[in-house]
> 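Submitted below is the structure of interest, expressed as structure tokens.
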Amino acid sequence: MVGFPILSLITFLPIAGMIIILFLPKEKRDSIRYTTLAITALQVVLAIILLSNYNYSAAGVFEEKSFQFIEKFRWIEITGISWLGTVKIDYFLGIDGISMPMVLLTAIISFIATISSWNIEKSVKGYFALFLLLDTGMMGVFVALDFFLFYIFWELMLLPMYFLIGIWGGPRKEYAAIKFFIYTLFGSVFMLLVMIGLYFSATETLADGSKVFTFNLLALMNQSNFTPDGILSPFNPHNLRFIAYLALFVGFAIKIPMFPFHTWLPDAHVEAPTPISVILAGVLLKMGTYGILRISYPIFPEITKDLIWYIALFGMINIIYGALVALAQKDFKKLIAYSSISHMGYVLLGMASLTSTGINGAILQMFNHGTITAMLFLIVGVVYDRAHTRGIYDFGGLAAQMPVYSGFVTVAFFAAIGLPGLSGFISEALVFVGAFSVDLIRILTIISTLGILLGAGYMLWTLQRIFLGPLNEKWASLPDLDKREYIMFVPLSLIIIFLGVYPSAMLDIMNTSVNTLVNFIHSNVSTTLSGF
């Protein structure tokens, strides 16, 4: 794999597919669909190749030589600006144990969402072109190691998601799309300001010995690279690092979404077509927590250490609040949307522990939630396509009419509850073990366990109302799953069961990097404090 640009290929392959689609006549709907399917299937193959060549002992995190599949060259360079010096921006890609699970998740969910998109009939050419552009943006976020490049991929997703909701969504699609756009752009402005502040606060030494300001994320993690008078330097007595941390955290928290920045999510989910809800919950929400782990934690370790109680508090609020609101829903899709808010709270709680166990659980929860919630939204999509309603009380007894479908529903529902033997259990258990071991957040962790009971409440109650009891005769002719729907559900079910039985398959990928990240944060806290 040395010298082969596999990360560029897996990232920009959808752009190539988009270009092909743009040249196809709009009447060739099947050709457009199969082109997208081939591109996303090839992405899955490339992700498997990455995994099969992955070095489990390489740490990554802050050390360039221990990242894998690195691609790096000078992308932008401007010289001759007297007051600014040389402007240097690298095209810098690489993966480690924190990003590898997210690359796998993105490839899998994009493939499943393509199959789910097969019944899209409105402006098929435009839909799949935007879908592939969104795919590139998502994948790029997880492989970029330059802040400027990271930001480009982060913003690249905004436009296609806006149109995918605003054009192909439900009755209130314009409202939901604009709300999503404004919330995300609001957070992006904060991220941009912090990125610029960091750029003018740290330098990188080039091969010729000269120093230049840098967007290199790994260079920004090294405290010795900060200039004494840099605005965000830890050695500047008048630095604004705390404000910068909060601003950056808000930018990521909106994407999670963390309470109170969550209100865009239910509207976006309810109005978005099923495959876009799958993408939104399966991948996009993970970008917020990934950004915190990749950027906020290692660049601002001393502030992270000071704020873990507050991060755990918001994690607890997400868990309890999301579950309570889900319990009150009468719309099947909105219930699943609020359950996502609740389950992302577990990720925040695990991250707040700053322990290897807790953060391993958080990243595993990111992956597991991505597959489980994708399956849940597909489940909603299947019944909505047939019945054209999502009202929970409109159904009843569907298990008798659609037994195979109900079997997949049971797997997804019990995985979301956290039943032992399914993937959701082990990630939540690791989160609680890691968080409970930290005295400062132990009470918050104990309160957060109520989310398990509430989650079981709304999931089992929904299962009872829709699938059990006497069949509503109105739905006596509903057909069970077809072949296309089998192809959507079987892979996700197998992943959920496999990782429930053998979670080490994923934990082994991330363990070395997580240990390195935890040690890096704790060691750099003392280094930073001694530098004041």
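Hydrogens, waters and symmetry mates are skipped; everything else that's a heavy atom, side chains included, is used. All values reported here derive from a predicted model rather than from experimental measurement.
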> With sequence neighbours left out, which residue pairs that include part of residues 139-164 fulfil the salt bridge (charged side-chain N to carboxylate O under 4.0 Å, His left out) condition?
none

> Classify the ring geometry of F408 against F489: parallel below 30°, tilted from 30° to 60°, perpendicular beyond 60°.
parallel

> Can you sort out the partners of N119 under side chain to side chain contact (heavy atoms under 4.5 Å, CB included), two or more places apart, ordered by chain and number?
D385, R484

> State whether F128 and R29 meet the cation-pi test: NZ (Lys) or CZ (Arg) under 6.0 Å from the six-membered ring centroid, and within 45° of the perpendicular axis.
no

> Checking side-chain polar atoms at under 3.5 Å, does S188 have a donor or acceptor matched by the opposite partner on Y151?
no

> Write down the atom of I21, the atom of K125, and the distance for their closest heavy-atom approach.
O-CE, 3.2 Å

> For N515 and S356, test the side chains for any donor-to-acceptor distance below 3.5 angstrom and give the result as yes or no.
yes

> Over 60° means perpendicular and under 30° means parallel, so tell me whether F259 and H262 are parallel, tilted or perpendicular.
parallel

> Identify the heavy atoms of L422 and A415 that sit nearest to each other, and give their distance.
CD1-N, 3.5 Å

> Ignoring hydrogens and angles, state whether a donor on the side chain of Y127 or S117 is under 3.5 Å from an acceptor on the partner side chain.
yes

> Could K255 and W154 be counted as a cation-pi pair, given that NZ or CZ must be under 6.0 Å from the ring centre and within 45° of the axis?
yes

> Less than 4.0 Å between a side-chain N and a carboxylate O, is that true for D267 and K173?
no

> Would you please name every residue forming a side chain to side chain contact (heavy atoms under 4.5 Å, CB included) with L9, sequence neighbours left out?
F4, L13, L46

> In chain order, what residues pass the side chain to side chain contact (heavy atoms under 4.5 Å, CB included) check against F153, with sequence neighbours excluded?
T11, F12, T136, V141, A144, L149, L156

> With sequence neighbours left out, write down each residue that passes side chain to side chain contact (heavy atoms under 4.5 Å, CB included) with F62, or none if nothing qualifies.
M221, T516, F520

> In this structure, which one of I295, I292, I299 forms a side-chain contact (heavy atoms from CB on, under 4.5 Å) with L248?
I295

> Keeping the roles fixed (side chain from K211, backbone from E204), state whether a donor-acceptor pair exists under 3.5 Å.
no

> Hey, would you say the Y34 and W118 ring centroids sit under 6.0 Å apart?
yes

> Exactly one of W75, F73, F148 should register a ring-ring contact (aromatic ring centres under 6.0 Å, His included) with Y91. Which one does?
F73

> Name every donor-acceptor pair, under 3.5 Å, that has one atom in a side chain of residues 370-380 and the other anywhere in the protein, sequence neighbours excluded.
unit_1	atom_1	unit_2	atom_2	d
T371	OG1	N368	O	2.9
T373	OG1	S340	OG	3.1

> Take the angle between the ring planes of H343 and Y346 and call it parallel below 30°, perpendicular above 60°, tilted in between.
tilted

> Tell me whether T289 contacts the main-chain N or O of K286 through its side chain, where contact means a donor paired with an acceptor under 3.5 Å.
yes

> Please verify the inter-ring angle class for F215 with Y199; under 30° counts as parallel, over 60° as perpendicular, anything in between as tilted.
parallel

> What is the minimum heavy-atom distance between Y54 and G97, and which atoms define it?
OH-N, 2.9 Å

